[in-house]
K.L.:
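Input: one structure, supplied below.
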Amino acid sequence: MMGGAEMVYDYLVAGFLIMAGIFGFVGSFGLLKLNDPMSRLHAPTKATTLGVGGVLLASMLHGAVVEGNLSLHELMITLFLFLTAPVTALFIAKVHIHRHETKASLPKAGADGIWATHDVPETKNESETDPAQG
Amino acid sequence: MNHFLIAPVVLPALVAPFIIMVVRHHMDLARIFSLASTVFLVAISLVLAAQASTGEVQVYELGNWSAPFGIVLVLDRLSAMMVLLTSVLALVINLYVIGSDWDKRGANFHALFQFQLMGIIGAFLTGDAFNLFVFFEVLLIASYGLMIHSGGTRRFQAGVQYVVYNLLGSTLFLFALGTLYSVTGTLNMADLALRVAEIPAEDTALLRVGAVMLLLVFAIKAAVIPLHFWLPASYANAPLPIAALFAIMTKVGAYAILRVYTLVFGPDLAITQGLAGAWLMPAALVTLMIGAVGILGSYRIGRLVAFGAITSMGTLLTAIALFSPEGVAAALYYTVHSTLAAAFLFLVADLVAERQGIEITGQRLMPQSGLIAVLFFTGAIAMAGMPPLSGFLGKLLVLDAARDHDLVWWIWGTILIGSLITILGMARAGSLLFWKSHGVTAQTDPASAPSYEEEANEQDEDITNPRPAALPFVACFALLSGLILLTVFAGPASRYAEATAAQLFAPEIYIKAVLGKVTP
Amino acid sequence: MRLLRRLLPHPILTLLLTLAWVLLTSTWTLNSLVFGFLLGLLIPFLTQPYWPNQMRLKKPLKIIEYILIVLYDIVVANVVVARIVVFKSNAKRQPAWVAVPLDLLTPEAISVLAGTITMTPGTVAADVSAEGHALLVHCLDAPDPNAVRDEIKHRYERRLKEIFE
Amino acid sequence: MTMGFLNIEFLVASAVGLLTAAGIYLILRRRTFPVILGLSLLTYGVNIFLFATGRLMVNAPPILNKYAEVPYTDPLPQALVLTAIVISFGMTAVVVMIALAAYLSARDDKIDMPHHPEDEGEDA
Amino acid sequence: MSLFLIAALPFLGAVFPALLIRAGRNASASAAGLTTFLAFVGLLLHAPAVFRGEVIQVGVDWLPGLGLNANFFLDGLGFLFAAMILGIGLLVILYARFYLSREDPMGQFYTYLLLFQGAMVGIVLSDNILLLLVFWELTSLSSFLLIGYWKHLPEGRQGARMALAVTGSGGLAMIGGMMILGNIAGSYDLSVILQHKDMIQASPLYLPALILILLGCFTKSAQFPFHFWLPHAMAAPTPVSAYLHSATMVKAGLFLMARLWPVLAGTPEWFYIVATTGLITMFLGAVIALFKDDLKALLAFSTVSHLGLITMLLGFGTKIAAVTAVFHIINHATFKAALFMSAGIVDHEAHTRDIKRLGGLRHLMPVTATIAIVAALSMAGIPPFNGFLSKEMMLEETVHTLWGGSHYVVPGLALLAALFSAAYSFRFIGHVFLGRTRDDYPAQPHDPGFGMWAGPGLLMMLVVLIGLFSANLAGPLVAVAAGAVIGGADLPYYSLKLWHGLTPALYMSAGAVVGGLVLLKLHAPLMAAWNRAPRPEAKQIFDALMRGLTKLSQLITDGLHNGAITRYAFVMMLFIIGLSYYAYASGTLSLPSRTVQSVGPITVIAWFCLMVATLAVVAKHRQRQLSLVLIGVVGLVVSLGFNYLSAPDLALTQLSVEVVTMVLLLLALNFMPKDSPVESPLWVRLRDGGIAMIAGLGAATLIYMLMLRDFAMPSISEFHLANSYKGGGGTNVVNVILVDFRGYDTFGEIIVLGIAALVIYALTEAVLGTRVRAYLLNRKPDIPQAGDAHPMMMVVATRVMMPLALMVAAYIFFRGHNLPGGGFIAGLIAAIALLMQYMASGFSWASERQRMFYHGTIGSGVLIAAATGLGSWFSGLPFLTSAFGYLHWAPLEEFEWATAALFDLGVFLAVVGAVLLALESLARFAWQPGISSEHAMDINPARDHAAEEAAAEAAAAAAKGEA
Amino acid sequence: MIITYSTLFAFTCFALALLMNLWKIIFAAEIADRILALDSMFINGLALMVLYGLALGSEIYFEASLIIAMLGFVSTVAYARFILRGNIIE
Ligand code: NA
Ligand code: NA
């Protein structure tokens with residue numbers, strides 16, 4: 001016989017799981033569906049992250065209630081994902097900008113005049129020493 | 001517990017990291033440590049050989065876990081002999097390399113050299129099939145490093161091929177080990193022997209596949225046709241003193257065939273019938289012939305000796321493929337001979353190459369040609385198995401051992417004709433190298449020389465002006481003395497070989513020593 | 001003091017690492033805490049050369065508020081994005097680039113802002129300007145790009161300015 | 001819920017087969033790079049092969065459970081595969097570097113060595 | 001003197017001439033002469049015993065297992081030959097001292113000569129046929145050196161190689177024959193073999209043995225059709241020719257036929273092979289000799305002819321023929337050595353040995369002329385010289401010999417041969433020494449000094465004396481030697497004297513002399529006819545054969561080993577598959593003992609991803625970066641699979657290894673072409689695909705069948721599971737196996753890693769030491785580069801991520817013994833953490849901030865692991881024995897400690913060092929001026945702001961100062 | 001029960017996501033999309049791993065998830081840096 005509190009927990013876990021599944025699916029679906037490259041970047045970086053977040057929450061909750069030990073492992077993974085997802089997105093965006101955008105196709109970069117990805121120095125600094133000789 | 005068994009593995013494993021950590025930038029110190037380690041190795045090997053010569057099989061249980069659950073080292077006559085051979089060869093080559101400054105032509109030579117020895121010796125001593133794989137890899141990866149030592153385009157290109165080919169071999173090794181483990185549930189070789197003997201007759205197919213794959217792995221190392229293709233380019237493009245060290249590496253393959261196919265899949269074992277002898281003998285004969293033909297068809301000195309090594313592997317495997325005590329005894333004697341002979345000739349080839357380049361049609365005047373010519377001639381005699389050196393005796397032993405074999409005429413014919421072609425090839429090379437170099441007229445326009453020669457010369461910049469060092473000659477004469485001793489003391493040597501063969505054909509001694517029992 | 005700064009270059013990092021260890025081992029014991037703290041001291045000490053400058057927080061407690069806001073935004077806005085992705089046709093969607101001029105100066109603050117922008121749905125921080133005085137943001141569906149820019153500056157950058165500078 | 005004729009053993013065996021086949025096919029290409037890719041695939045194949053020799057079990061990791069009698073999968077092949085992975089990692093690193101060196105020296109990444117036939121010399 | 005010493009003396013003596021040559025030519029020659037003389041004296045000391053009919057034997061075991069013993073014996077035959085070898089050897093040494101010019105390396109010459117002499121003495125004294133083989137092959141080798149002595153002459157090395165090829169191959173055939181012979185007789189000792197005539201001749205292997213042995217004899221003794229090498233050996237200095245062709249090399253074959261005569265002769269096979277060959281050779285050699293203008297060539301072919309004569313006699317198989325053979329051996333040795341030396345003197349003095357340019361020398365060099373004429377007359381078979389005696393005995397024998405039922409074949413051909421023999425001998429005399437004195441010699445000839453003609457002079461004396469007093473002088477020697485040949489049986493009746501009455505042989509002799517004179521008269525027209533007649537030129541045939549053989553060898557070698565590893569690998573696969581299939585098909589397979597396990601759809605989807613990604617790698621492998629991405633997918637799914645199948649350690653390891661590998665490949669790909677061209681034609685791709693599919697199918701089938709069957713016996717891993725905690729102190733059995741049960745494997749494995757790093761380092765050094773370095777420095781990126789190499793966000797994120805990752809590494813490390821993880825994975829994660837830092841701020845920036853000594857890291861890892869292993873020695877336990885226990889420090893809870901953790905630390909360090917060293921090497925490849933940035937991130941407004949403020953302050957201060 | 005079904009639902013979603021990612025990796029026109037899809041694949045794989053641990057009630061699979069999270073990031077950055085700069089550790 002299942003107690004009421006456990007039932008609530010169960011529904012909570014199930015809710016997280018279903019949410020996670022939906023977001024996970026949507027993230028990858030967006031990658032297919034969206035028609036311009038920069039927009040495609042939105043779907044997985046966020047939806048997927050949130051999807052995984054749901055799974056992690058569900059797992060934590062499940063561990064705490066069903067198994068009886070509060071495991072905070074999953075927080076660590078979440079921390080990793082939140083730290084890395086923006087950087088990942090930044091890099092992929094930079095790849096896109098590098099390959100497909102021009103100075104003209106982007107909005108003006110304020111006072112600096114140019115976005116960093118397009119800012120390729122003309123000449124290189126020759127004054128450095130050669131570590132291979134050291 | 002007799003710690004001498006592990007000493008030849010641990011010693012280089014300690015010296016090598018010490019060299020790279022402490023004396024990496026001090027070539028003289030590195031040389032001293034490397035040389036000292038090698039001398040100690042010889043001493044340890046002598047002790048081991050003395051211990052093994054009593055006929056007792058000694059076992060060293062690593063981690064204090066008994067076989068078959070842990071890994072054991074096993075010292076018997078065969079492993080003791082191979083370890084001794086390896087360390088003596090290593091000492092000589094170390095001297096040569098130091099004397100010729102080869103070790104200065106690239107980084108980390110001595111550390112790699114020590115690791116190479118560790119790998120080879122470890123492979124000889126281990127009693128565990130998977131551990132054999134591990135030490136094969138140790139010796140291989142060290143050999144990759146030594147093979148491309150000092151660099152150069154062709155050396156790198158040949159290096160890629162050498163590595164790729166051997167990686168295929170390593171993969172096959174894993175397939176074989178997996179199959180054997182999956183069938184028998186063990187990795188220890190003695191235990192494998194016990195379990196294989198118990199395999200029911202109605203379920204042999206998978207075990208047979210494992211057994212044959214394992215044999216093929218060793219056949220790759222032993223350069224058996226058609227698995228030998230890695231050898232010519234690798235040896236010919238390696239620094240020749242390294243190729244001299246590699247003379248022992250093909251023997252690792254031969255050793256493993258001997259070990260596994262006497263201990264685990266013995267010639268009398270019904271379920272692995274037809275796997276080894278049936279194809280190995282013809283393949284060995286073809287190997288011999290291809291090697292001989294290669295000698296005659298070689299136009300560069302490294303390649304010439306490389307094919308010499310193939311020929312001697314052909315002869316050696318012919319003897320092994322007899323799978324009889326006489327054959328194995330002959331094979332063991334021939335192993336020692338061919339290792340020393342091939343190493344010797346590789347060193348002489350290096351002396352030549354240092355002075356007049358690698359082309360056999362070379363026109364340059366060679367300094368010190370008289371002495372080197374004598375050495376080359378002697379080496380050629382040794383390699384071709386001509387009297388008075390031990391190769392001839394070895395060959396006679398092989399011929400004699402083959403006299404009751406079904407293929408006796410093929411064996412005799414191949415060995416003898418192979419010898420003839422070898423002699424012709426060596427005579428051709430020797431007369432072109434040493435006699436023609438005194439000629440007044442250059443027959444080819446140096447400007448039209450092909451570009452790869454420039455490449456080869458680029459690697460060895462000072463080939464016209466080698467340092468008149470004595471040490472390389474000392475090394476050559478040491479090997480030559482080895483050959484002479486092996487000739488003069490052929491009686492005792494062959495008695496040791498016979499005793500070793502007898503021990504191999506009585507695997508129950510080995511099994512008893514490792515497992516403490518002879519039946520499961 | 002200087003010694004302490006060398007031994008403990010980034011106290012917050014040390015705390016974070018200690019917490020990470022406890023999270024990893026998932027055991028709330030003294031052993032775990034002590035060991036985690038030791039590692040939390042050791043690792044920043046070792047990696048100090050890669051993070052040479054000291055990071056100072058003006059109002060550390062404001063972080064909590066900021067985190068809560070962002071978490072809320074993430075959850076709520078994710079649903080919006082999911083709807084856009086699944087139900088809105090590509091033709092009707094209006095993606096846009098937005099340049100956000102920055103008042104923030106420290107790299108840490110700018111990075112947190114950029115991270116926030118990316119993690120909050122509908123926007124991705126795609127690049128900075130050559131001198132770091134503007135952020136390039138891409139919007140998934142922004143009929144009014146200026147509104148997006150203003151919201152970023154108002155909702156996030158303002159708070160970060162308080163925390164960091 | 002099961003998938004008809006499909007079973008774990010079949011999936012693993014077919015994966016081994018395909019990885020092996022793909023690896024070998026790429027190893028037979030003429031440039032060093034695909035050959036290295038092929039070696040990677042082949043390594044995957046053989047690692048799974050070796051792993052599967054301990055037979056397959058789901059949810060039976062070889063971590064001893066002090067509290068319950070649970071089945072364990074065979075740990076030995078796992079240890080062997082670990083060793084094999086590490087070794088092949090070292091090998092791959094080396095072959096990548098040698099291939100790079102060969103490419104940079106020859107400015108050509110063909111894996112077959114250029115063949116120089118014998119110059120006409122005195123033969124008799 | 002012991003036979004050992006006699007046999008060894010020439011070898012020992014061979015050392016001195018080469019060494020003493022620095023002390024002068026005389027010292028060198030004396031050393032050679034002295035050792036030869038000593039050996040000769042030693043031999044003569046045995047003469048009384050030998051002449052008493054005793055056989056002197058000595059022996060030691062050499063290789064008893066094989067039946068190869070260093071046994072020597074001296075009987076009449078051996079004595080005769082040894083005496084000739086040493087005696088004529090002495091004369092040759094003397095002669096050569098004056099013959100060789102200052103430019104010739106005399107020390108080498110005598111060394112070679114003594115080596116050769118030793119080998120010959122060895123042959124004739126051997127009492128063991130294997131030992132004999134040793135010496136036999138040695139004569140081939142040392143004669144190779146002697147013939148090629150004049151290195152500047154192409155004819156020298158060609159002749160040497162030809163001689164080696166012919167006699168060497170004969171020698172090898174003989175090895176086979178001797179092995180058979182020994183096997184029939186049950187011993188390789190000659191004295192035993194010689195007792196078993198009946199057994200040997202009854203053996204079915206008699207004929208093969210005979211043919212093989214005869215091949216050796218015929219090639220050595222230049223019998224038809226192997227006679228062609230001998231004239232080309234004339235490129236050697238004349239002393240060598242004299243030695244090789246009178247007493248030694250070519251006589252070795254005769255010696256062996258004589259030696260084995262008691263057991264091999266007397267059968268029809270023997271007769272028809274040996275006698276016929278001898279007969280043909282005798283005739284052919286004589287005919288050719290007549291048409292040679294080169295003095296030495298004439299003598300060479302005459303040698304061929306006389307060898308044929310002796311061979312024929314031995315072939316007759318009768319005792320009296322054997323006696324005659326022995327007698328002619330002696331005679332031929334004396335006159336032929338004298339003739340060669342005379343020819344050498346002529347050549348030496350007149351600077352030519354072309355008969356056409358010679359003539360009338362009897363006036364200019366009377367001593368030489370006398371010697372040569374006497375010897376030549378003996379060769380022609382003119383009484384009273386010794387040649388006449390044996391030749392007449394030979395003719396007598398031919399008369400009694402039936403060949404194929406005919407009485408006329410043998411005597412007829414023998415007569416013709418004798419006739420030509422007389423003719424060329426007369427030509428030698430007539431066209432060189434007689435006739436009108438010429439004045440167009442290249443040099444003014446005169447008799448040489450005594451030293452040079454002493455040898456031939458002595459031999460001429462013998463020619464005369466043996467001829468006159470044969471019974472007394474040569475009789476005993478002939479008797480003992482022939483007695484030995486016929487194997488101890490009673491000697492037949494014969495008498496050595498000039499006059500036997502009017503026998504058929506006398507008529508034949510007379511006829512030969514008359515005919516010879518006629519032929520000489522007709523020489524000019526005959527010569528013209530001979531030159532017109534087409535005939536095979538042996539040398540050209542041989543050369544073509546050798547060139548063809550060499551070319552063929554090159555063709556085979558280069559064809560097989562053409563540098564195409566794609567083909568090597570293909571052949572290898574084919575072979576492996578074929579043999580494996582054979583092994584499988586020839587075995588038996590029982591029914592499966594295990595049932596398959598069902599799977600859910602998720603697993604199938606993952607499997608599907610793996611399969612598709614793998615296929616995609618193949619399909620897209622030309623796009624290199626894409627294929628790397630696809631391999632990433634494969635690695636990911638494989639890791640997931642390992643996890644699913646209860647192997648968490650494997651999953652962790654596989655994934656981290658894959659990422660590091662991918663990074664290395666990307667770093668390498670930076671320098672390499674980004675695409676692979678289409679190179680193999682379709683059929684090759686199909687072929688490769690075919691073999692790949694078969695191999696894959698094989699692997700799949702094999703593992704499928706293995707998985708459906710249980711272990712035949714319980715696996716040893718049951719022990720590991722049972723003892724992991726008790727004996728190893730860990731609950732993660734995989735880790736306990738790695739660091740304890742099979743720690744030795746792991747020890748080897750980290751050494752592999754360490755070596756890999758060393759190799760990579762050495763390789764980098766080697767590459768950057770060449771012109772590649774300049775190329776790399778000037779290299780422009782082949783894909784356009786974006787700006788902002790070190791993005792701010794990445795740098796900031798890394799400042800947190802890297803310490804966290806290191807924390808994870810520590811976590812993985814410390815728990816590995818009990819839960820998934822361990823030193824290896826921890827090492828990889830730590831390395832990846834550092835890699836993150838490198839990717840964020842660049843390798844140069846990061847490594848400048850914190851110098852890591854990768855070599856030291858690797859070295860210390862290996863050392864720690866080894867030291868941990870060695871630690872157990874102090875407890876008297878084997879290498880790598882582990883220990884563990886529990887510590888309790890209040891107020892903390894219990895800690896577990898294990899030496900295995902220390903071992904794992906070694907693993908950790910080795911891995912970190914190896915990965916980082918590889919990364920460093922690749923960074924060095926990529927190093928270019930300006931690559932190293934000053935700052936962690938390229939863009940940092942705070943920095944700019946601070947700089948602006950500082951500049952403003954400075955400007956303000958400056959303004960203030962100015963004010 | 002409800003957890004079982006919801007787990008299965010989540011499993012299915014993430015597995016389908018995996019398939020879609022694979023499709024994108026192979027057939028995308030753009031390398032940026034491929035990198036993105038691989039990154040998503042890592043994260044979806046991670047989710048599957050966590051779900052698997054949840055379904056089995058085991059914590060053994062946590063480390064793998066952690067490592068996947070970390071390594072997915074590293075490899076994505078590496079691929080992207082390769083496109084941007086060629087040299088990924090300059
Ligand atoms: Na391992
Ligand atoms: Na572990």
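Numbered from 1 within each chain, the chains take letters A, B, ... in sequence-line order.
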K.L.:
Side chain, backbone, both or neither: which part of D:S14 has a non-hydrogen atom closer than 4.5 Å to chain E?
P.N.:
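For D:S14, the contact with chain E is made by backbone and side chain together.
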
K.L.:
So which atom in E:G696 and which in D:T20 form the shortest heavy-atom distance, rounded to 0.1 Å?
P.N.:
CA-CB, 4.1 Å

K.L.:
Report all side-chain donor-acceptor pairs from residues 93-102 of chain D shorter than 3.5 Å, counting only partners two or more places apart or in another chain.
P.N.:
none

K.L.:
Relative to chain D, which segment of E:L776 carries a heavy atom at a distance below 4.5 Å: side chain, backbone, both, or neither?
P.N.:
side chain

K.L.:
Taking every non-hydrogen pair under 4.5 Å, which of D:G90, D:A22, D:S40, D:A21 racks up the most with chain E?
P.N.:
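The answer is D:A21.
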
K.L.:
How close do D:L64 and E:S724 get, heavy atom to heavy atom, and via which atoms?
P.N.:
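Shortest heavy-atom contact: CD1-CB, 4.0 Å.
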
K.L.:
Can you tell me how far CG of E:N732 sits from CD1 of D:I63, rounded to the nearest 0.5 angstrom?
P.N.:
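Between atom CD1 of D:I63 and atom CG of E:N732 there are 3.5 Å.
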
K.L.:
Nearest 0.5 Å, what's the CG-CZ distance between D:L28 and E:R687?
P.N.:
7.0 Å

K.L.:
Between atom OG1 of E:T746 and atom CG of D:L82, what is the distance when rounded to the nearest 0.5 Å?
P.N.:
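The distance works out to 8.5 Å.
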
K.L.:
Quick one: what part of E:I631 sits under 4.5 Å from any heavy atom of chain D, side chain, backbone, both or neither?
P.N.:
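For E:I631, the contact with chain D is made by backbone and side chain together.
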
K.L.:
Between chain D and each of E:A544, E:S715, E:G635, E:G730, count heavy-atom pairs under 4.5 Å; write down the option with the most.
P.N.:
E:G635

K.L.:
Any chance you could measure D:D112, atom CG, to E:I565, atom CD1, to the nearest 0.5 Å?
P.N.:
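Rounded to the nearest 0.5 Å, the CG-CD1 separation comes out at 8.0 Å.
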
K.L.:
Specify which of E:T653, E:L721, E:V759 makes the most heavy-atom pairs with chain D at under 4.5 Å.
P.N.:
E:L721

K.L.:
Chain E heavy atoms under 4.5 Å from D:F49: which part of the residue, side chain, backbone, both or neither?
P.N.:
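Both backbone and side chain.
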
K.L.:
Can you find a pair of side-chain heavy atoms, one from D:F89 and one from E:V752, that are under 4.5 Å apart?
P.N.:
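SC-SC contact between D:F89 and E:V752 ruled out.
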
K.L.:
With heavy-atom distances below 4.5 Å as the criterion, would you say the side chains of D:V16 and E:Y704 are in contact?
P.N.:
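Not touching, per the 4.5 Å side-chain cut-off.
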
K.L.:
For the residue pair D:Y25 and E:H621, categorise the inter-ring angle as parallel (less than 30°), tilted (30 to 60°) or perpendicular (more than 60°).
P.N.:
perpendicular

K.L.:
Determine the option with the most heavy-atom pairs under 4.5 angstrom with chain D, choosing from E:L697, E:L922, E:I691, E:L828.
P.N.:
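Result: the option with the highest number of such pairs is E:L922.
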
K.L.:
Between E:L708, E:I694, E:L669, which has the largest tally of heavy atom pairs under 4.5 Å with chain D?
P.N.:
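So the answer, after comparing E:L708, E:I694, E:L669, is E:L669.
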
K.L.:
For E:F671 together with D:Y103, are the ring centres under 6.0 Å from each other?
P.N.:
no

K.L.:
Measure from NZ or CZ of D:R55 to the centre of the six-membered ring of E:F711, then state whether that distance is under 6.0 Å and the direction lies within 45° of the axis.
P.N.:
yes

K.L.:
Is there a side chain to side chain contact (heavy atoms under 4.5 Å, CB included) between E:F925 and D:L104? Walk through the geometry before answering.
P.N.:
CA-CA 10 Å; E:F925 276 105; D:L104 289 175; 3.6 Å; yes

K.L.:
Return the option, out of D:V35, D:T32, D:L41, with the maximum number of heavy-atom pairs under 4.5 Å with chain E.
P.N.:
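Of the options given, most contacts go to D:L41.
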
K.L.:
Which residue out of D:T92, D:T73, D:L80, D:D74 racks up the most heavy-atom pairs below 4.5 Å with chain E?
P.N.:
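If we count pairs closer than 4.5 Å to chain E, D:D74 comes out on top.
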
K.L.:
Measure the shortest side-chain to side-chain distance between E:V599 and D:F10 over non-hydrogen atoms and say whether it is less than 4.5 angstrom.
P.N.:
no

K.L.:
Is the side chain of E:Q597 donor-acceptor paired with the backbone N or O of D:M57 at a distance under 3.5 Å, no angle test?
P.N.:
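Looks like no, no N/O pair under 3.5 Å.
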
K.L.:
Taking all non-hydrogen atoms of both residues, which atom of E:R771 and which atom of D:S105 are closest, and how far apart?
P.N.:
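For E:R771 versus D:S105, the nearest heavy atoms are NH1-O, 4.3 Å.
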
K.L.:
Looking at E:V772, E:V767, E:L664, E:L549, which makes the most heavy-atom pairs under 4.5 Å with chain D?
P.N.:
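Among E:V772, E:V767, E:L664, E:L549, the one with the most close pairs to chain D is E:V772.
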
K.L.:
How about D:Q78 and E:V733: do any of their side-chain heavy atoms sit closer than 4.5 Å?
P.N.:
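Not touching, per the 4.5 Å side-chain cut-off.
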
K.L.:
Which residue pairs pass the salt bridge (Lys or Arg N to Asp or Glu O under 4.0 Å) test when at least one of the two sits in residues 30-39 of chain D, sequence neighbours left out?
P.N.:
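Passing the test, one end in residues 30-39 of chain D: D:R31-D:D108, D:R31-D:D109, D:R31-E:E679.
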
K.L.:
With only heavy atoms counted, which part of D:L26 is less than 4.5 Å from chain E, the side chain, the backbone, both or neither?
P.N.:
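Contact with chain E is through the side chain of D:L26 alone.
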
K.L.:
Please classify the contact of E:L667 with chain D as side chain, backbone, both or neither, using a heavy-atom distance under 4.5 Å.
P.N.:
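No part of E:L667 comes within 4.5 Å of chain D.
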
K.L.:
Would you check if D:L76 and E:R742 make a side-chain contact, meaning some heavy-atom pair closer than 4.5 Å?
P.N.:
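Yes. Closest side-chain heavy atoms under 4.5 Å.
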
K.L.:
Give, as side chain, backbone, both or neither, the part of E:N818 having an atom under 4.5 angstrom from any heavy atom of chain D.
P.N.:
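Contact with chain D is through the backbone of E:N818 alone.
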
K.L.:
For E:I703, is it the side chain, the backbone, both, or neither that has a heavy atom closer than 4.5 Å to a heavy atom of chain D?
P.N.:
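Contact with chain D: backbone and side chain both.
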
K.L.:
Are there over 12 heavy-atom neighbours, none belonging to E:F719, within less than 6.0 Å of that residue's CZ?
P.N.:
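For E:F719, atom CZ is crowded (more than 12 foreign heavy atoms under 6.0 Å).
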
K.L.:
Quick one: of E:Y725, E:F570, E:F741, E:Y644, who has the most non-hydrogen atom pairs under 4.5 Å with chain D?
P.N.:
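Going by pairs under 4.5 Å, I would pick E:Y644.
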
K.L.:
Looking at E:L610 and D:A15, what are the two nearest heavy atoms and their distance?
P.N.:
CD2-CB, 3.6 Å

K.L.:
Could you tell me if the side chain of E:V734 sits less than 4.5 Å from the side chain of D:P75, heavy atoms only?
P.N.:
yes

K.L.:
Are a donor atom and an acceptor atom from the side chains of E:S680 and D:R29 found within less than 3.5 Å of each other?
P.N.:
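There is such a pair (donor and acceptor under 3.5 Å, judged by atom type) between the side chains of E:S680 and D:R29.
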
K.L.:
What part of D:T43 is in contact with chain E, defined as an atom under 4.5 angstrom from a non-hydrogen atom: side chain, backbone, both or neither?
P.N.:
neither

K.L.:
So, does E:S646 use its side chain to make a donor-acceptor pair with the main chain of D:A60 at under 3.5 Å?
P.N.:
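Such a contact is found between E:S646 side chain and D:A60 backbone.
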
K.L.:
As an exercise, state the distance from OG of E:S598 to CG of D:N7, rounded to the nearest 0.5 Å.
P.N.:
8.5 Å

K.L.:
Against chain D, label E:R594 side chain, backbone, both or neither, depending on which of its atoms sit under 4.5 Å from a heavy atom there.
P.N.:
side chain

K.L.:
Measuring only between side-chain heavy atoms, which start at C-beta, is E:D688 closer than 4.5 Å to D:I27?
P.N.:
no

K.L.:
CG/E:D745 to OG1/D:T83 distance, rounded to the nearest 0.5 angstrom?
P.N.:
5.5 Å

K.L.:
Please flag which part of E:A914 lies under 4.5 Å from any non-hydrogen atom of chain D: side chain, backbone, both or neither.
P.N.:
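Neither the backbone nor the side chain of E:A914 comes within 4.5 Å of chain D.
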
K.L.:
Heavy-atom cut-off 4.5 Å, strictly under: side chain, backbone, both or neither for E:M573 against chain D?
P.N.:
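Just the side chain, heavy atoms under 4.5 Å.
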
K.L.:
Under 4.5 Å from any heavy atom of chain D, what part of E:T764 do you find: side chain, backbone, both or neither?
P.N.:
side chain

K.L.:
Could you tell me whether the side chain of E:V596 reaches within less than 4.5 Å of the side chain of D:I8, counting heavy atoms only?
P.N.:
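They are not in side-chain contact.
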
